[in-house]
Amino acid sequence: MSKLWLVPVLFILVILAIFSSTPPRLRADFTYVNPSGIHTLDPARMSWTQDFRIALNIWEGLTTRHAKTTEPVEGAAIFPPKVSEDGLTYTFTIRDDARWSNGEPVTAHDFLRGWRRGMEPGTATDYTYLFTQHIEGAGQYVRCRRDAVAILTAFRRLQDRRSITIEQAQQLVAIAESFAFGTLLGGAVIEASPPGAPCPDWKWSEFADRLRSGRSDWPRARDEFLDDHIAEAEVAFRQVGIDAVDDRTLVVQLVNPCPYFLDLTAFPIFLPIHVSIEQLRARFHGDPYTAEGLVVYDPQWTKPDYRAFGYPGLITNGPYIIDEWIFKRRLSLGPNPHHRDAPRLGCRTIDMVTYDNANAAIMAYEAGDVDFLPSMVVSYDHEIARLARYGERPDFRLCEVMATYFLNFNCTSTKVNGVPNPFVDRRVRKAFALAVDRERIVEQVLRRGDRLAHSFVPPNTIPGYTPPDGLSFDPVTGRALLAEAGYPDGVGLPPIEYLYTDRDVQAAQALANMWSRELGARIELRSLETKTFAEEKAAHRFMIARGNWYGDYNDPTTFLDCLATDNGNNDSGYANPDFDQSLHDAARTRDSAERFAILRRAETLLLEKDVPILPILHYAEPIAIKPYVRGLYPNRRVWVSFRDLTIER
Amino acid sequence: MIRLLTRRLLLGAVTILCIYAVTFVMVVTLPGNPFQQGQHNLSVETEMALRSRYGMDDNWSFFWKFLGRAIRGDFGPSFSYADWTCTQIIADALPVSMLLGFLAILIAVLVGVPIGALSAVRRNGWFDVTTLAFVLIGVSLPTFVTGSALLTLFAVYWPVAPIGGWGTLAHLPLPAITLALPFTAYVARLTRAGMLDVLGSDFIRTALAKGLSRRVVITKHALKVAFLPVLSFLGPATAQAMTGSFVVEKVFGVPGLGQHFVNAALNRDVGLIMSTVLVFSTLLVVFNIVVDLLYAWIDPRITHAA
């Protein structure tokens with residue numbers, strides 16, 4: 001028993017040993033907080049602002065964005081590039097002095113590699129559409145790859161004796177004729193159907209089952225198909241309008257004249273990738289393609305100290321490089337010695353630290369451990385907004401970001417959870433929109449210093465574009481419209497379900513209050529946790545749902561495209577061929593003024609006539625910058641560049 | 001002893017398997033998409049590609065594949081932090097949580113046992129009453145209240161400790177004390193109750209009667225027996241302190257495993273949920289076995305009963 005006292009003594013000695021063996025770190029020149037850690041540093045996959053912020057400081061695209069205005073300026077290529085008369089061909093010349101962090105020159109092929117990863121189904125996720133929408137042949141390439149992945153997945157499932165979907169069975173039959181394994185399928189086709197081509201009422205599910213139970217050599221069929229597909233994909237990629245003419249010349253062929261293309265080339269998915277990543281493709285997986293035809297890289301390639309398979313660690317071409325990255329604790333940046341701006345960098349070391357708790361982050365800022373907070377999401381944010389607005393804390397600022405908080409009306413489902421959905425009628429949508437007093441929500445309920453929103457595209461963000469006036473608070477007209485739609489004083493309206501995330505209680509209650517007071521509607525509030533909310537919203541299982549959207553590039557289409565009929569982010573399910581046609585026409589118009597006029601008409605149609613959405617406010621993001629920090633510009637996206645940063649303590 | 005150990009180990013393995021299966025079912029049936037990131041809805045094609053890349057297009061085969069890899073210590077990639085493997089995340093965070101948990105339990109025992117013993121000896125005296133009040137507060141106040149209070153006191157108003165973070169000795173005391181509070185209170189209560197029980201027993205009266213000093217009787221004889229209930233509490237408590245420090249980690253910005261555990265559930269990070277659950281449940285099972293063995297060693301009657 002008496003020896004038990006040794007346990008605590010030993011333990012304390014161990015603790016002392018652990019902590020004294022690591023020397024205390026010197027404080028970096030500049031330290032800022034990243035609220036929730038980096039999700040990924042793979043430019044093809046990233047979709048969070050905090051990830052973009054790091055990526056755009058360690059990589060450099062063909063263009064970069066001006067730190068203050070976010071206008072495109074010179075990046076790794078000479079600015080401006082040569083643009084053909086019709087606005088469809090861009091010829092970029094890579095700068096002489098563009099260098100990777102290991103000293104090698106940046107080439108056009110590095111861009112080709114990065115952009116291809118941005119289109120590959122195995123590597124890219126959310127932003128592939130920036131290629132397929134704008135670059136010649138990219139859509140065909142991506143489709144060819146995606147179809148192949150679907151077919152190969154079907155093969156693998158059949159091999160494992162698992163069921164395949166009807167779509168997959170159909171795809172298999174569609175390609176069967178051109179392959180030797182077609183005979184494998186042919187047997188099943190003949191067994192399952194009368195001779196000849198499958199007729200419309202052919203039982204696909206039965207056929208799929210038959211394929212599964214049949215004893216066929218699926219691995220061989222898969223190999224045959226994959227070999228053929230790889231050759232086909234290479235041909236398809238050569239048709240894509242991206243061409244590395246020589247090491248320093250990159251020619252890009254667009255589908256339509258795209259006035260904001262140079263803005264896009266500064267976006268993370270358009271970044272170049274160093275050739276060393278290829279070592280982590282074939283050797284990581286043992287095969288350049290997975291059994292499903294996906295291209296996969298060892299996901300650890302973004303680590304500066306990763307050395308597997310002879311990989312030299314992450315190589316980037318921006319003004320900074322990553323010195324150290326500890327998961328969800330700290331990411332340290334240092335200057336890239338080979339970058340042309342390296343000698344001019346005001347901050348040699350930058351630390352990004354993670355505080356899971358916004359409160360702790362603010363306390364660390366107040367204590368002077370941190371120089372910059374890019375966001376302050378706390379329960380007392382109205383208090384922070386007040387301090388910022390009235391100049392009591394000049395280091396607190398409200399950043400007018402390019403983002404809109406709006407309501408989605410479900411325009412598509414006739415029934416929601418078994419209840420008839422009145423919002424398929426545009427008069428009901430408009431009535432509910434007219435009954436919302438935004439000023440009350442912004443000024444009295446939320447009090448965060450946000451701007452009232454009358455349009456989807458935030459005003460004064462895109463030079464030359466003035467969004468339409470939209471609807472104002474007018475409950476009288478709203479009531480009249482509701483009566484016209486067959487619900488006088490809200491009589492006959494089913495209970496209206498408002499879907500929101502648990503963080504938005506105040507606004508939800510205010511809205512419910514307005515609708516029941518002005519229109520006599522009965523509102524049921526349904527709050528969901530973020531991830532569940534996102535799923536319900538995307539599946540149109542709501543009557544009215546909260547929405548928000550952050551613009552990605554400086555053009556109205558970054559907002560308006562969301563409401564195109566087939567767009568994956570069209571949560572309201574809005575479909576109007578006139579609106580789609582306007583977007584289509586705008587894409588083909590070169591003259592900027594004319595183009596903006598078309599887009600403005602489209603937005604007017606959206607906001608004043610069809611009302612699938614109701615903009616409520618444009619966010620003002622509270623940020624904090626210590627007064628001794630110079631050259632840090634809180635721009636519309638808080639995508640700050642550290643290039644011009646200096647500290648004057 | 002060997003028989004007890006094998007029985008315990010087998011039962012432990014079955015327990016962990018059951019926990020794995022139940023967690024898996026919950027993770028798969030949970031609404032919300034693990035692959036969706038940022039503001040974009042996931043397209044069907046992207047989701048399909050991601051699912052097959054992570055081997056998630058078939059739940060049944062994923063269940064076995066994940067289990068097979070987990071046994072070899074490879075938990076696969078994190079779904080929402082794509083650049084990291086779950087093994088790396090756990091290897092980075094688990095030692096932090098363990099250190100903090102051990103320290104808290106150490107404080108709980110070193111402070112709780114003397115307090116409990118003393119208040120039993122001075123039963124209903126002023127010491128007993130005041131400690132009872134403190135114990136009540138310690139048990140009932142949640143750590144986010146005590147943690148925030150300590151932080152405000154010792155880091156803001158009287159800045160002797162850093163606001164939060166990890167890496168130096170100065171970062172340790174506040175979170176450890178916060179985490180230790182409820183355990184200390186409980187240990188004190190257990191010791192007091194055990195002590196009261198023992199003090200009334202025959203062997204103590206005999207020891208006093210044969211002329212041993214009161215101090216020796218209490219520290220050498222009574223405490224040893226009174227410590228038994230505390231010991232059986234320490235097994236689950238150590239596991240709980242090491243795994244349940246989420247709130248403390250959040251308040252003090254400690255990079256432990258608890259925060260990943262909770263964030264993984266919020267992010268629907270299937271890989272990280274499964275691996276943290278496996279690690280936590282293994283810890284819990286192991287500590288219970290260790291305590292059972294210790295118990296058998298201290299009190300041989302247990303082995304016979306088994």
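Since the model is a prediction, treat every value here as computed from it, not as a measurement. Below, chain A is the first sequence line, B the second, and so on; all start at residue 1. Hydrogens, waters and symmetry mates are skipped; everything else that's a heavy atom, side chains included, is used.
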Exercise for the section: Run the salt-bridge test on B:R268 and A:E529 with the 4.0 Å N-O cut-off and return the result as yes or no. Expected result: yes

Handout entry: From A:S47 atom OG to B:Q36 atom CD, the distance as rounded to the nearest 0.5 Å
Key = 8.5 Å

Practice task
May I ask you to test the A:D126-B:N41 pair for a side-chain heavy-atom distance under 4.5 Å?
Solution key: no

Handout entry: Heavy-atom closest contact (B:D83 atom, A:K303 atom, distance)
Key = O-NZ, 3.0 Å

Handout entry: Region of A:Y365 that comes under 4.5 Å of a non-hydrogen atom in chain B
Key = neither

Practice task
Let me know if B:E47 has heavy atoms under 4.5 Å from chain A in its side chain, its backbone, both or neither.
Solution key: neither

Practice task
Can you tell which part of B:V109 gets under 4.5 Å to a heavy atom of chain A, answering side chain, backbone, both or neither?
Solution key: neither

Practice task
Measure B:P34 against the heavy atoms of chain A and call it side chain, backbone, both or neither at under 4.5 Å.
Solution key: backbone

Handout entry: Point-to-point distance, once rounded to the nearest 0.5 Å, from CG of A:L152 to OG of B:S52
Key = 9.5 Å

Practice task
Please check if the side chain of B:Q259 supplies one atom and the backbone of A:D356 the other of a donor-acceptor pair under 3.5 Å.
Solution key: no

Handout entry: Approximate separation, where rounding is to 0.5 Å, of B:W84 CH2 and A:K328 NZ
Key = 12.0 Å

Problem - More than 12 heavy atoms from other groups under 6.0 Å of CG on A:L26 - result: no

Problem - pair A:V142-B:E45: side-chain heavy atoms closer than 4.5 Å - result: no

Practice task
Go through A:I326, A:T290, A:T125, A:D51 and name the one with the most non-hydrogen pairs under 4.5 angstrom from chain B.
Solution key: A:T125

